[in-house]
Amino acid sequence: MGEIRSTIDLMMERTTGMLLTPEEKEKLRLEDLRKKAKGLTLKLLERPTEADEIIAGLSEQPEQDRALLESMIWEEMIDAIPADESAIKHVELMQKLPEAETRAAVLGEVRTLLKSGLKDRTKDRKKILTREKKKLASLGISGTAVVPKIPDESVADSDLAAAVEKLKSDLRKITAGDG
């Protein structure tokens, strides 16, 4: 009677002598770096006060991987730029990245554009608020305690979102041009 072998034994028997090709090894390395970049980006976004320590930790990475990892973190940060008030803080955080050294002027420009976009958004929201108050007053609802509900999808929000998408696109083009 034969011995009943476990699944692990069968799997080990079939995979002996199998090796990864150099292309497969490189693909796995890049995938691992991409996961690391996403993780570090999340850490940066969740704990911006610890950004300097997180970025300093990049120096512990192997020399061959460091530049690629920094580039991937940069791309992740571009993708994560929010279309709201926190966008300025996000760009300030990006300015701490090693990749930002070569793009300091561009990031300063982006920051200025975001600030002006947010100012315009505030003005537009005030106009919408005034318009909504007038509508309520025409219905006989008025007073200092009246706070109208601003529609969720206002023109100001979509304008800011469009501006942020354009900034992301511009940053990607610049990144592609530098690399």
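Lys168 places a side-chain N or O within donor-acceptor distance of the main-chain N or O of Ile81, the cut-off being under 3.5 Å. Not one N or O on the side chain of Arg34 forms a donor-acceptor pair closer than 3.5 Å with the backbone of Met72. Side-chain atoms of Thr41 come within 3.5 Å of backbone atoms of Ala37 as a donor-acceptor pair (strictly under, hydrogens ignored). Judged by distance alone, with hydrogens and angles left aside, the side-chain atoms of His90 form a donor-acceptor pair with the main-chain N or O of Met77 at under 3.5 Å. Side chain of Lys38 to main chain of Glu76: no donor-acceptor pair is present (N/O by atom type, distance under 3.5 Å, no hydrogens or angles).
A salt bridge does not link Lys89 to Glu92: none of the charged nitrogens lies less than 4.0 Å from a carboxylate oxygen. Using a 4.0 Å cut-off between charged side-chain N and carboxylate O, Lys35 and Glu31 make a salt bridge.
Every residue two or more places apart in sequence or in another chain that forms a side-chain hydrogen bond (donor to acceptor under 3.5 Å, both in side chains) with Glu24 is listed here: Thr21. For Glu46, there are no salt bridge (Lys or Arg N to Asp or Glu O under 4.0 Å) partners at least two apart in sequence or on another chain.
Judged as a salt bridge (charged side-chain N to carboxylate O under 4.0 Å, His left out), the pairs with a partner in residues 133-147 (not counting sequence neighbours) are, in order, Glu132-Lys135.
Crowding of Ile8 atom CD1: a count of heavy atoms from other residues, nucleotides or ligands under 6.0 Å not exceeding 12.
The hydrophobic clustering, which links ILVMFWY residues whose side-chain heavy atoms are closer than 4.5 Å, places Ile73 and Leu30 together.
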